2 protein chains.
Amino acid sequence: MALKHASISDIAKELNLAVSTVSRALSGHSRISEATRQRVWQLAEQLNYQPNHLAAALRKGRSNTLGVIVPNIDGHFFALVVKGVEAVANQAGFNVMLCQSNEDYAHEAKNVETLINAQVDGILVSLARTTHDFKHFEKVRQRNMPLVFFDRILNGSDVSAVVVDDQHGGYLATRHLLAQGRRRIAHLGGPQHLNIYKDRYEGYCQALREAGLPVEEDLVVLSKDMSLADGAVSIRQLLALPQRPDAIFSAGDFTAVGALQALKEHGLRVPHDVALGGFGNETFSSLTEPQLTTIDQQCEEMGGAAVRLLLEMVQETSLRLTPRKIVLEPHLLMRESSGRRQEA
Amino acid sequence: MALKHASISDIAKELNLAVSTVSRALSGHSRISEATRQRVWQLAEQLNYQPNHLAAALRKGRSNTLGVIVPNIDGHFFALVVKGVEAVANQAGFNVMLCQSNEDYAHEAKNVETLINAQVDGILVSLARTTHDFKHFEKVRQRNMPLVFFDRILNGSDVSAVVVDDQHGGYLATRHLLAQGRRRIAHLGGPQHLNIYKDRYEGYCQALREAGLPVEEDLVVLSKDMSLADGAVSIRQLLALPQRPDAIFSAGDFTAVGALQALKEHGLRVPHDVALGGFGNETFSSLTEPQLTTIDQQCEEMGGAAVRLLLEMVQETSLRLTPRKIVLEPHLLMRESSGRRQEA
DNA sequence: TTGTACGCGTTATCAA
DNA sequence: TTGATAACGCGTACAA
């Protein structure tokens, strides 16, 4: 337990002032004579006074703390988003309480409870892959607690959110592969109830359509976890087709690298035999051989934008009613894995 | 602002009870008639009562929140440690407040202030690379706030901490390279004021000594950031030597992979010409070509152990006086980069 | 078993 | 400009 500490009333007693006066002197809010203000500050300094934020929070009904729920933190993406969140939040004088859902719905629901109990002033969420509904946010809405989503949301949901233009990202990646002369382009996708995977897929379709190519069902392989292993499995499936693809656009870097490894194991050369593009710009993406072409999302920027949006809602109750969306632009990072076919 | 909410006094009024009775009924502390307890719980449920933790915290002088300061979160290591921290903390009913120092001393000091202000019940820290003293923890000690370090601490400091046996890790890696028949083994190390880099270096020396080999100054290259770029720079320096090394033990995976890339650029084959071992088992380490031999630390376990140690100190004041250390065992992960020289 | 009364440290309101 | 006082919601001695 912390040692007993100097409080506002200690200062008041010492200076023969009322606590309210001291409080105002310290917060610099109301009009206060320069003389007493100085006396107060000086003694505060001397006693090494530290404001008790808990008490202030109780009184004001505001904890100056923001809650963040992410699926995980060991990938590059969410780690960077959280970094952005923290930077902007701290800047604004808010603390960040972190929760990981481990891609699990039940865990996510528990996280929400936790943050409500902790009395955070607002919540930032990116959904777990296993989340199909918003039930667990009911209490948050009831309390009229500010809530902002980022990156992963449910398709067709009307909520405040900061997202990347995933469709455009998928479009960019696929168009790039087309530009390299590829015609049979496969897609490795994720759970379609999540905006990000659905939109990336749509972008893929859009690019094909634009090139006058059909979307062949056989060439679209969806997986649940978007893991390394999923990539390998998908490749096995694709290579069993009568005619194999000459390029692959994966909606995630992990799956893309899993695919890369599997392709090599099957004796296929990347990009010569099969060109490859991923999504997400994970750390390892530039360390594979060949280096992986991928889509960069503005991770830190996303975190910062989400916090700013949330803080506006925290400060202005009226803004909590109408959902607002912020859309960031993704960028194509051309690297080796999608190069042109070499004329042998 | 959250909507007005049911408090224990609301329940009390409704039931014609005293708040204290309700309080006890809910917390199940004192003796309470089964009848009233049931009535209270039922109404609480009905009114969707949520305890106000802020008020409880103020009253009890305990926030049930733990603070964590890490240098960053975008590497694999700290991400996993934080995951472990969160799991165990939540399990025990504690929240986690996260701060990143960005490897910067000043930032770290600010983080400490932040956490003190937030009135956390205890602090977990892994030092920034630029931290050379403990000054900024003075206030923490003054308040007798529980403080536990993990992974990175200052050499020779007498504090409570959970660390990996880095010396043994360095020893394992180096001995492994020796066992592959290498004799001129270089070392890429980090700032020696931090235990982890110092100890890994010591382990390297120990293995060489044991093999009857000298530690050649020329073969030891230290760098500040342990980044990818540092690895490349170090390689340039090593290759400028009259006789180049036939193996390298790097105290970090990033540097190791930077070295790997540089070696390849110089036309050297890994492991044939130069065998390579890293430290830390980053995600990308198994995705490079060749796959990187490295040392695995028990990240999540470390986070969990640190929280447990901290919580003991939170609950039992007397335990805060004598520093305790917990040492985890590292494991060697043999992969391709350290294979035997192939007889051509 | 239950009720009374007070304090945790702040801030906000009203009066002086 | 300052002071007195009442909350914020909960926990806990002490009394009944």
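Convention: sequence-line order gives letters A, B, ...; per-chain numbering from 1. The structure displayed is predicted, hence computed values, not measured ones.
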Upstream residue (5' side of DNA chain C) when B/L58 and B/E34 are each assigned their closest nucleotide: B/E34

So what does A/S27 touch, heavy atoms closer than 4.0 Å: a base, only the sugar-phosphate, or nothing? nothing

Indicate, with a heavy-atom threshold strictly under 4.0 Å, whether A/I32 touches base, sugar-phosphate, or nothing. sugar-phosphate

How long is the span from the CZ atom in B/R141 to the CG atom in B/L147, to the nearest 0.5 Å? 9.5 Å

Is it the case that more than 12 heavy atoms not belonging to A/E113 sit under 6.0 Å from its CD atom? yes

Which pair of non-hydrogen atoms, one from A/S160 and one from A/P323, has the smallest distance, and what is that distance? OG-CA, 3.3 Å

Ignoring the backbone of A/S33, work out which of C/dT10, D/dT2, D/dG9 is nearest its side chain. D/dT2

Among D/dT1, C/dG7, D/dG3, the nucleotide that comes nearest once only the side chain of A/R24 is considered: D/dG3

Can you check side chain to side chain contact (heavy atoms under 4.5 Å, CB included) on A/L311 and A/L66, steps first, answer last? CA-CA 9 Å; A/L311 285 182; A/L66 266 28; 4.0 Å; yes

Is there a donor-acceptor pair under 3.5 Å between the side chain of B/E103 and the backbone N or O of B/R129? yes

Test: side chain to side chain donor-acceptor pair (under 3.5 Å). Region: residues 32-41 of chain A. Which pairs qualify, not counting sequence neighbours? A/S33-A/T36

Residues within residues 16-23 of chain A bordering DNA chain C, heavy-atom distance below 4.0 Å: A/S20, A/S23

